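Written below as structure tokens is the structure these notes are about.
These numbers were taken from a predicted model, which means no experiment stands behind them.
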Amino acid sequence: MTKVSFIIPVLNAQEVLESCLKSIKKQNFKNYEILIIDGGSIDKTISIAKKYHSKIYKNPLKTAEAGKAIGVKHAQGQYICLIDSDNILPSNNWLKQMLLPFTDKQIIGSEPISFTYRKNSGFIERYSSLIGANDPYTFVTGVYDRKNFINNQWTGLKIDQIDQYKYIKIKLLPRTSIPTIGANGTIFNSDFLKKNLSSDYLFDIDIISQVLNQTKKPIFFAKVKTSIIHTFCESSIKKFIRKQNRRLSDYFYFKNLRQYNWDQTNRFGLLKFIFYTLLIIPMFIDVSIGFIKKSDFAWFFHPIACWITLIVYSMVYLKFKLGCLKAVSRTSWKQ
């Protein structure tokens, strides 16, 4: 019988974890296990995990990527679902929907096509679901992997895709840019991950890039016509700044371990984002189009998010070039 392993890296996630686990418990598909990979939580995270009969493993390296790698090594299911502690499954039938594409044996993974839009949620959560990305850089450069409300597309890249009614079958090719696939509810064939995991870290997009480069053959993935809730930063600009700093700091700090080279595959993306932000007008054109299509004042966070990202990324990049970039401390980290 098919079994699914939910892998959830955590670190002081008491504020969000229960909603995540509760949504898993409500699934109509019941043959699953929950693996909580803990980076040393000092709040109620572990007691919440035990309440939902989760298997708990320690993560001495603390990062989510290290936690995912530990989870893969311990997972017993035929399929592995990578969930963040601030994800919530939006319906009781979600897992069945996500498993449907695997009847096609070419497909090695499935991912929700969008983030769930909730009108009463935090404005940054709503903003992320509106642009189909947590990082405005990925939206502007076209490497986003969730549907946005501006052009109703799930990516800005040219990807071969076939509509299969309940999902879209996509073809990822070697030596080409690929969307930021691999997190927030992505399900992989377990054998694919276990066979190709070659380090103590699982960087979502990297393992796909690694296999593409090694085999020189295409990989088939499914974008399922469902969504997933990602509470992300709720309405906290402070948390947004902190997560943007961590995102790029981790990229440069672990660059020697990374398989996907953003510098080569999206070499003009940085310049595009810089000019997009500095010129201001392109941002407000997107805000205007978006607001017309989906009336929500969360759109007006977009220019702020772009400027925050430009400033934070510039500072991190400068530290990296000066040789003074340090790993982001997880000592006081919490969701």
Side-chain angles (χ1 to χ4, degrees), residues 2-9 24 27 29 31-33 35 64-65 67-69 71-73 75-84 87 89 94-115 132-133 138 143-147 154-155 157 159-174 176-198 201-228 230 258-260 265:
T2 300
K3 184 176 183 178
V4 176
S5 299
F6 284 95
I7 295 177
I8 311 175
I24 294 175
Q27 292 302 298
F29 184 97
N31 195 26
Y32 62 79
E33 61 175 356
L35 282 66
E65 292 77 17
K68 291 174 184 178
V72 168
K73 293 170 184 176
Q76 296 179 359
Q78 291 95 325
Y79 300 101
I80 290 175
C81 184
L82 300 176
I83 292 283
D84 289 346
N87 285 143
L89 310 187
W94 183 88
L95 188 51
K96 284 185 177 180
Q97 289 177 282
M98 292 296 298
L99 291 173
L100 181 64
F102 290 101
T103 55
D104 181 338
K105 298 306 178 183
Q106 282 189 310
I107 290 174
I108 59 93
S110 68
E111 184 178 78
I113 202 167
S114 61
F115 288 124
T138 63
V143 297
Y144 55 92
D145 67 332
R146 310 291 162 120
K147 188 178 287 188
W154 68 268
T155 187
L157 300 176
I159 303 288
D160 291 339
Q161 47 191 301
I162 301 173
D163 195 324
Q164 303 281 31
Y165 181 51
K166 292 188 177 181
Y167 64 91
I168 297 172
K169 183 177 180 179
I170 68 172
K171 184 179 182 180
L172 304 175
L173 299 173
T176 61
S177 294
I178 59 178
T180 53
I181 285 174
N184 295 302
T186 301
I187 298 181
F188 283 95
N189 184 303
S190 180
D191 289 340
F192 176 84
L193 290 183
K194 288 179 178 290
K195 178 181 176 181
N196 295 295
L197 181 63
S198 55
Y201 297 87
L202 172 58
F203 299 100
D204 309 318
I205 194 174
D206 287 38
I207 198 159
I208 296 174
S209 179
Q210 170 192 323
V211 175
L212 286 171
N213 293 334
Q214 288 176 349
T215 65
K216 304 295 189 295
K217 295 179 180 179
I219 283 177
F220 293 92
F221 223 85
K223 293 296 293 185
V224 183
K225 295 178 182 179
T226 186
S227 62
I228 190 166
H230 189 200
R258 302 297 302 264
Q259 298 288 330
Y260 189 75
T265 54

Quick one: does Gln97's side chain have a donor or acceptor within less than 3.5 Å of a partner on Thr226's backbone?
-> no
So, the side chain of Lys68 versus the backbone of Asp204: is there a donor-acceptor pair under 3.5 Å, distance only?
-> no
Flag yes if more than 12 heavy atoms outside Lys195 fall under 6.0 Å of its NZ atom; otherwise flag no.
-> no
Ignoring hydrogens and geometry, is there a side-chain-to-backbone donor-acceptor pair from Asp104 to Pro101 under 3.5 Å?
-> no
Only one of Thr155, Leu172, Leu173, Val143 passes side chain to side chain contact (heavy atoms under 4.5 Å, CB included) with Ile178; say which it is.
-> Leu172
Value for CD1 (Ile159) from CD1 (Ile181), rounded to nearest 0.5 Å, stands at 7.0 Å
Between the CG atom in Asn184 and the CG atom in Asn87, the distance rounded to the nearest 0.5 Å is 4.5 Å
Of Tyr32, Trp94, Phe29, which is the lone residue that meets ring pair (Phe, Tyr, Trp, His ring centres under 6.0 Å) with Phe6?
-> Tyr32
Is the Phe192 to Tyr79 ring centre distance short of 6.0 Å?
-> no
Go through Lys169 and Gln106 one step at a time and tell me if the side chain to side chain donor-acceptor pair (under 3.5 Å) criterion holds.
-> CA-CA 10 Å; Lys169 183 177 180 179; Gln106 282 189 310; 2.6 Å; yes
Can any side-chain N or O of Lys225 pair as donor or acceptor with the backbone N or O of Tyr165 at less than 3.5 Å?
-> yes
When rounded to the nearest 0.5 angstrom, what distance separates CG in Asp145 from OG1 in Thr180?
-> 3.5 Å
Is Lys166 atom NZ crowded by more than 12 heavy atoms from other residues, nucleotides or ligands, each under 6.0 Å away?
-> no
Relative to each other, are the rings of His230 and Phe115 parallel, tilted or perpendicular (30° and 60° limits)?
-> tilted
Could you tell me whether the side chain of Ser198 reaches within less than 4.5 Å of the side chain of Gln210, counting heavy atoms only?
-> yes
Are a donor atom and an acceptor atom from the side chains of Glu111 and Trp154 found within less than 3.5 Å of each other?
-> no
Rounded to the nearest 0.5 Å, what separation is found between the CG atom of Leu35 and the NZ atom of Lys73?
-> 13.5 Å
How long is the gap from CD1 on Ile80 to CG on Asp191, to the nearest 0.5 Å?
-> 9.0 Å
In terms of heavy-atom contacts, does NZ of Lys105 have more than 12 from other residues, nucleotides or ligands at under 6.0 Å?
-> no
Measure from the side-chain N and O atoms of Asn31 to the backbone N and O of Thr2, and report whether any donor-acceptor pair falls under 3.5 Å.
-> yes
With rounding to the nearest 0.5 Å, note down the distance linking CG in Leu193 to CZ in Phe188.
-> 5.5 Å
Expected output: side-chain Ser209 to main-chain Asp206 donor-acceptor under 3.5 Å = no
Pair Glu33, Ser5: side-chain N/O donor-acceptor within cut-off below 3.5 Å | yes
Are the side chain of Ser227 and the backbone of Ser114 linked by a donor-acceptor contact shorter than 3.5 Å?
-> no
Is the side chain of Lys171 donor-acceptor paired with the backbone N or O of Ile219 at a distance under 3.5 Å, no angle test?
-> no
Lys194 side-chain N/O to Val72 backbone N/O, donor-acceptor pair under 3.5 Å = yes
